[in-house]
Amino acid sequence: MNIRTVIRFTWIVVCCGLPLFKGESEELASSTHLRHPLRMAWSNQGQSQVVVANSNSGSLSLVDLNTRRVLSEQSIAESISDMLIPDSLDQILILDNSQHGLRMIHFADNQFDGTSSEFVPLAQHPTRIVIHPDSNRIAIASKWSRRVSLMSKGSSTNQNSLWQIEQVIDLSFPPGELTFIPNTNNLLIADAFNGMIVMMNPETQETYMACHLPVNNIANLTFASKSDTSTVWLSGESLNSYATTINPEVTWGVLMDNQVRSIPLKELQDPLRTSMHLGSVYGMGDETGPGGDPGRVLVKSDGALITALQGVDRVAIRPQLPRSYTDRIPVGDRPIDMLLNREETMLYVLNQFSDSISVINLQQSKAVHEITLGPQPELTDSDKGERLFFDATLSLRGWYSCHSCHTEGHTTGLLNDNLGDDHFGSPKRILTLLGVHSTSPFSWLGKMNNLEDQIAKSLHKTMLHRGSIDDKAKLIATYLKTLKAPPSIHHARGNFNSNFFEEGKTIFRREGCHKCHRPPHYTVPDTFNVGLRDEAGNVEFNPPSLRGISQRDTYLHNNGASSIEELLFEQKHPDPSRTPINAADRSALIYFLNSL
């Protein structure tokens with residue numbers, strides 16, 4: 001029996017007896033709590049109602065768009081990372097991020113019915129679910145386990161039959177957005193943090209295409225409509241690692257460009273393509289208004305482009321693509337998803353931090369209503385800090401937020417030339433902020449002992465914020481202190497081996513690695529000269545924490561190594577003169593590092 005078969009039969013476990021709801025008959029619509037909605041879909045009652053998945057509260061809300069009120073809210077899980085409602089089924093598919101599985105909720109007669117619901121374990125940390133145009137296959141991206149799970153609908157004629165895992169694919173990168181290519185079984189998969197996109201045949205796991213676009217934080221990867229299957233639309237930002245954070249280069253979008261790209265599928269598959277100029281680029285920010293953190297993209301039948309600008313609380317509407325004129329309509333806080341009605345006259349915008357739906361009359365080009373999903377409690381300092389972290393209006397002209405470079409607290413892995421080292425001309429790799437609160441001092445040179453001071457400096461020197469800074473820095477620091485380091489790849493995939501770990505740990509200490517990377521945080525507050533020099537002449541650097549190192553794809557301050565193996569055994573970091581270790585010890589050491 002091969003490993004794929006083992007995975008298939010091991011993971012097809014139906015936990016029908018598990019309690020699916022924290023309170024099966026509990027009505028939450030009028031209760032006070034933070035919902036943080038993230039996905040919205042038409043219900044099976046046509047276009048008069050929508051179902052909203054709330055990530056923070058782990059609940060589903062049924063909203064009547066005509067009466068503009070919440071009909072019901074049902075608790076489903078501890079947290080939800082995505083939702084899908086297949087067209088042909090009375091089923092809602094929920095990604096339960098807390099239990100790492102797929103929940104199938106029966107939905108009929110305006111009721112969420114948990115009595116016939118089912119649960120299937122998935123690769124850990126599922127974040128995105130998409131369905132094939134034939135409605136018989138779904139694909140699920142699991143970010144930290146770096147896996148994509150393929151599921152097919154059972155052959156039973158019962159429409160509530162279980163979706164079954166048919167394949168689990170290991171990837172070399174963390175998947176984010178993904179989509180099936182119409183008329184094929186192939187998948188387009190985007191990196192969750194940078195501009196990597198691959199085209200893969202999931203049955204053979206053959207990669208037909210891989211390209212690295214000059215884009216980070218890809219937040220949309222779709223075909224415009226069921227009729228237009230020739231063009232891929234994506235949104236994201238383009239960080240110029242050779243530009244600096246001086247006023248003119250920020251003001252005119254030289255440093256960070258907010259954009260939507262339309263790429264013909266044939267062009268994407270062309271082996272002679274040039275990634276830098278792939279497809280058509282439509283800027284979202286210019287002298288007429290901000291465009292920070294573009295997200296969800298819709299294309300009307302007349303060609304008008306609609307984009308949710310998550311960082312500046314706007315929806316951008318570009319009526320004619322050849323022209324740059326863009327109408328930016330104010331909506332709620334962090335527009336995360338959108339739906340367009342059949343007549344294309346009304347746009348419904350889901351606002352994550354406002355817990356609301358903005359209703360835009362496209363003929364009037366303005367928001368005419370805002371539907372609240374329920375009352376919110378008084379925000380904690382951490383809640384306020386989270387909103388500031390994702391707020392691009394903190395930067396000059398609204399070009400970028402903290403999230404733009406530190407995606408959901410992690411990192412794009414790109415270089416940025418700011419004054420973190422007090423010099424321009426020496427760009428440094430953007431560090432992850434996950435688990436950062438316990439790894440002082442901060443920045444590559446280790447000059448900042450206090451996290452609040454480091455954030456204040458970034459607001460002032462990198463984002464060129466013109467308002468008060470200290471209070472905002474404290475709130476953002478409070479939020480960052482809630483973020484944990486990412487799980488190791490071995491823990492995320494459930495294949496951690498304590499014996500291998502201890503073998504590698506012994507070698508780690510024998511080789512003296514612990515002197516610069518001391519447990520439990522695997523860093524120290526000192527700086528060291530390890531034979532590296534940046535463009536400004538700096539030779540001493542603070543060692544970054546090794547926790548979650550398996551979730552990084554580049555290493556050193558200048559991205560000078562693309563793998564741990566290259567760093568340790570080809571470049572022989574930190575001492576090129578040291579005696580090489582044998583192959584068995586190398587494997588054990590790599591296993592240990594990839595388990596932190």
Side-chain angles (χ1 to χ4, degrees), residues 21-23 25-43 45-83 85 92 94 107 110-112 293 295-296 298 306 308-315 328-341 345-362 364-380 382-388 390-391 393:
F21 306 116
K22 290 184 285 185
S25 61
E26 183 183 6
E27 285 293 338
L28 301 174
S30 60
S31 66
T32 300
H33 57 278
L34 289 180
R35 291 163 177 84
H36 282 194
L38 82 161
R39 194 70 65 208
M40 176 171 58
W42 299 114
S43 77
Q45 300 296 314
Q47 296 198 339
S48 63
Q49 297 175 359
V50 294
V51 177
V52 175
N54 303 304
S55 60
N56 192 68
S57 59
S59 60
L60 294 178
S61 299
L62 179 63
V63 182
D64 189 295
L65 299 175
N66 294 328
T67 62
R68 300 193 294 277
R69 69 186 185 92
V70 178
L71 300 179
S72 65
E73 182 179 354
Q74 180 68 63
S75 184
I76 301 296
E78 184 177 337
S79 63
I80 295 174
S81 54
D82 204 3
M83 176 187 72
I85 302 181
I92 302 175
I94 296 295
F107 179 67
N110 290 344
Q111 297 293 324
F112 304 115
D293 294 338
R296 184 85 163 94
L298 298 175
I306 304 175
L309 304 179
Q310 298 177 357
V312 293
D313 307 336
R314 301 284 192 277
V315 168
R328 297 176 182 84
I329 301 174
V331 291
D333 196 346
R334 199 167 192 243
I336 197 75
D337 200 10
M338 301 186 295
L339 287 176
L340 188 64
N341 72 343
T345 57
M346 304 297 290
L347 180 70
Y348 302 94
V349 183
L350 187 64
N351 306 304
Q352 186 168 59
F353 291 149
S354 298
D355 283 358
S356 66
I357 299 173
S358 296
V359 182
I360 295 177
N361 186 314
L362 292 176
Q364 300 176 19
S365 294
K366 68 177 183 179
V368 293
H369 301 291
E370 184 158 350
I371 304 171
T372 178
L373 297 179
Q376 292 187 338
E378 182 178 352
L379 298 180
T380 66
S382 176
D383 296 329
K384 296 174 184 177
E386 181 181 20
R387 283 157 170 73
L388 291 170
F390 288 91
D391 187 354
T393 65

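In this structure, CG in D333 is found 11.0 Å from CZ in F390, a value given to the nearest 0.5 Å. One distance of note links OG of S55 with CD1 of I80; it measures 8.0 Å at 0.5 Å rounding. Atom CG of residue L350 and atom CG of residue L339 lie 8.5 Å apart, to the nearest 0.5 angstrom. Residue S358 holds its OG atom at 11.5 Å from NE2 of H369, rounded to the nearest 0.5 Å. One distance of note links CG of L34 with OG1 of T380; it measures 7.5 Å at 0.5 Å rounding. To the nearest 0.5 Å, atoms OG (S79) and CD1 (I94) are separated by 11.0 Å.
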Quiz prompt | Audit row: L388, E386, side-chain contact (heavy atoms from CB on, under 4.5 Å) steps and yes/no | solution = CA-CA 5 Å; L388 291 170; E386 181 181 20; over 6 Å; no
Quiz item: Under the side-chain contact (heavy atoms from CB on, under 4.5 Å) criterion, do L62 and F107 qualify, and how do the steps go?
Solution: CA-CA 11 Å; L62 179 63; F107 179 67; 3.9 Å; yes
Practice problem: Evaluate the criterion side-chain contact (heavy atoms from CB on, under 4.5 Å) for residue pair I92 and I85; output intermediate values, then yes/no. | Solution: CA-CA 5 Å; I92 302 175; I85 302 181; 4.0 Å; yes
Exercise. Decide yes or no on side-chain contact (heavy atoms from CB on, under 4.5 Å) for E370 and N351, but give the supporting numbers first.
Key: CA-CA 10 Å; E370 184 158 350; N351 306 304; 4.1 Å; yes
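Taking both residues in full, the closest heavy atoms of H33 and S57 are given as CD2-CB, 3.5 Å, listed atom of the first, atom of the second, then distance. The two residues V51 and M83 make their nearest non-hydrogen contact at O-CE, 3.3 Å. The two residues Q47 and L65 come nearest to each other via the heavy atoms O-CD1, 3.9 Å. Here the closest non-hydrogen pair linking R35 and N54 is O-CB, 3.4 Å. In plain terms, the two heavy atoms of R296 and M338 that are nearest each other are O-CE, 3.3 Å. Heavy-atom minimum distance, R387 versus L379: NE-CD1, 3.6 Å.
Although no hydrogens or angles enter the test, the distance criterion places no donor-acceptor pair under 3.5 Å between the side chain of N66 and the main chain of S48.
Side-chain contact between S59 and Q74: absent, with no pair of heavy atoms (C-beta onward) separated by less than 4.5 Å. Residues P37 and D355 are in side-chain contact: their nearest non-hydrogen atoms beyond the backbone lie under 4.5 Å apart. Side-chain contact between H36 and F353 is present, with at least one heavy-atom pair separated by less than 4.5 Å. By the 4.5 Å heavy-atom criterion applied to side chains, I329 and L347 are not counted as neighbours.
With V349 as reference, P335 is the one residue of S354, P335, S356 to meet the side chain to side chain contact (heavy atoms under 4.5 Å, CB included) rule.
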